[in-house]
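Quick one: the structure is below, questions incoming.
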Amino acid sequence: MDNPYQASATSAGAVAPPGVSYFKNPALLTLATRIFLGLGILTSLCAGALALHEISLMGEYSATDSLDDIYDQMIIPIMLLGLVQSVAVFGSFVVIAMWIYRMAWNARYFAGASHMEYTPGWAVGWYFIPIATLWKPYQAMKEIWRASDDPAHMRLVSIPFWLPLWWCLWLVNNILSNVSARLTFRAEIISEGMLANRISILVEAVNIVLCLVFLAIVNRLSRMQWHQQSLRQAQAVA
């Protein structure tokens with residue numbers, strides 16, 4: 001019986017396209033992903049605290065008063081936090097996309113291209129395709145997980161609950177973020193501003209949970225891929 005972990009040139013060439021015939025070290029990208037997820041949690045805590053402070057200030061005014069006085073008092077912290085959040089979001093976007101690509105590359109190396117539906121490029125690219133972005137990235141992540149857990153029997157690998165939880169939180173966070181942004185831009189009086197801030201606090205709470213769940217996925221998936229690579233190295237030596 002053929003050894004599914006044998007790293008011979010013949011078997012690699014039979015199942016992997018050119019350029020996906022070796023393992024790429026994910027350690028640096030995994031560390032960077034952890035850092036940006038931590039930064040995301042920190043900025044969400046700060047944003048939630050700022051929103052609570054704004055609600056406290058708004059409580060001193062009538063519900064029909066203008067928001068101008070509140071914005072005059074909060075303009076500097078709002079701008080500073082917005083700048084930090086922009087850097088954190090952009091950095092997270094780039095780093096996590098690179099990490100997903102690396103995980104997909106290694107999964108394709110472990111399982112073989114003939115057993116993988118999603119290429120590393122499309123594992124990231126589906127996030128940018130309207131409508132399909134609602135389910136395709138999740139399917140790609142499930143495939144990465146299965147190929148990293150047991151590439152020889154990946155169709156039999158069960159998916160842990162935190163993978164669908166992560167995706168549900170991702171979708172909910174995107175929906176709530178859009179609602180919060182619309183309410184914030186349209187708010188003109190105190191009552192509208194308070195509603196926008198309450199939704200904003202909910203967004204930040206969901207984002208914190210999302211970051212924590214994805215951090216668990218990052219850690220587990222990284223460990224699984226290192227385990228698979230160590231098995232291949234042991235088999236190659238043997």
Cluster link Leu83 to Met79, ILVMFWY, side chain under 4.5 Å: no

Spacing of NZ belonging to Lys142 relative to OG belonging to Ser158, to within rounding of 0.5 Å: 11.5 Å

Same cluster (ILVMFWY, side-chain, under 4.5 Å), Leu39 and Val95: yes

Ile190 side chain reached by Ser62 side chain, heavy atoms, under 4.5 Å: no

Over 12 foreign heavy atoms within 6.0 Å of CE, Met98: no

Aromatic ring pairing Trp166/Tyr138, orientation class (parallel under 30°, perpendicular over 60°, tilted between): tilted

Flag side-chain contact, heavy atom, 4.5 Å: Ile189 against Leu67: no

Single-linkage hydrophobic cluster, 4.5 Å side-chain cutoff, Tyr22 and Met224 together: yes

Side chain to side chain donor-acceptor pair (under 3.5 Å) assessment of Gln225 paired with Ser148: CA-CA 5 Å; Gln225 292 205 346; Ser148 301; 2.9 Å; yes

Side-chain donor/acceptor of Asn178 to backbone N/O of Asn174, under 3.5 Å: yes

Linked, directly or transitively: Ile201 and Val206 (ILVMFWY side chains, under 4.5 Å): no

Residue that, paired with Phe214, satisfies ring pair (Phe, Tyr, Trp, His ring centres under 6.0 Å) out of Trp167, Trp99, Trp162, Trp170: Trp99

Within 6.0 Å of CD1 in Ile76, more than 12 heavy atoms from elsewhere: no

Aromatic plane relationship, Trp126 with Trp122 - under 30° parallel, 30 to 60° tilted, over 60° perpendicular: tilted

Atom pair CZ (Arg102) and OG1 (Thr33), whose distance is rounded to the nearest 0.5 Å: 10.5 Å

Considering all heavy atoms, the nearest Ser180-Ala196 contact: OG-O, 4.1 Å

Side-chain touch Phe36/Val94, heavy atoms, less than 4.5 angstrom: no

Heavy-atom pair with the smallest gap, counting every atom of Tyr61 and Asp69: OH-CB, 3.7 Å

Any side-chain heavy-atom pair of Pro120 and Val124 under 4.5 Å: no

Heavy-atom side-chain proximity of Met116 to Glu143 below 4.5 angstrom: yes

Tyr109 and Arg232, any side-chain heavy atoms less than 4.5 Å apart: yes

Atom CH2 of Trp226 with >12 non-hydrogen neighbours under 6.0 angstrom: yes

Aromatic ring proximity Tyr101/Tyr118, centre distance under 6.0 Å: no

Check: Leu29 and Lys24 side chains under 4.5 Å, non-hydrogen atoms: no

Exceeds 12 heavy-atom contacts within 6.0 angstrom, atom OH of Tyr71: yes

Pairwise side-chain contact, Ile100 with Met141, heavy-atom cut-off 4.5 Å (strictly under): yes

Distance in Å, Glu192 CD paired with Glu188 CD, rounded so as to fall on 0.5 Å steps: 6.0 Å

Whether over 12 other heavy atoms sit under 6.0 Å from Phe161 CZ: no

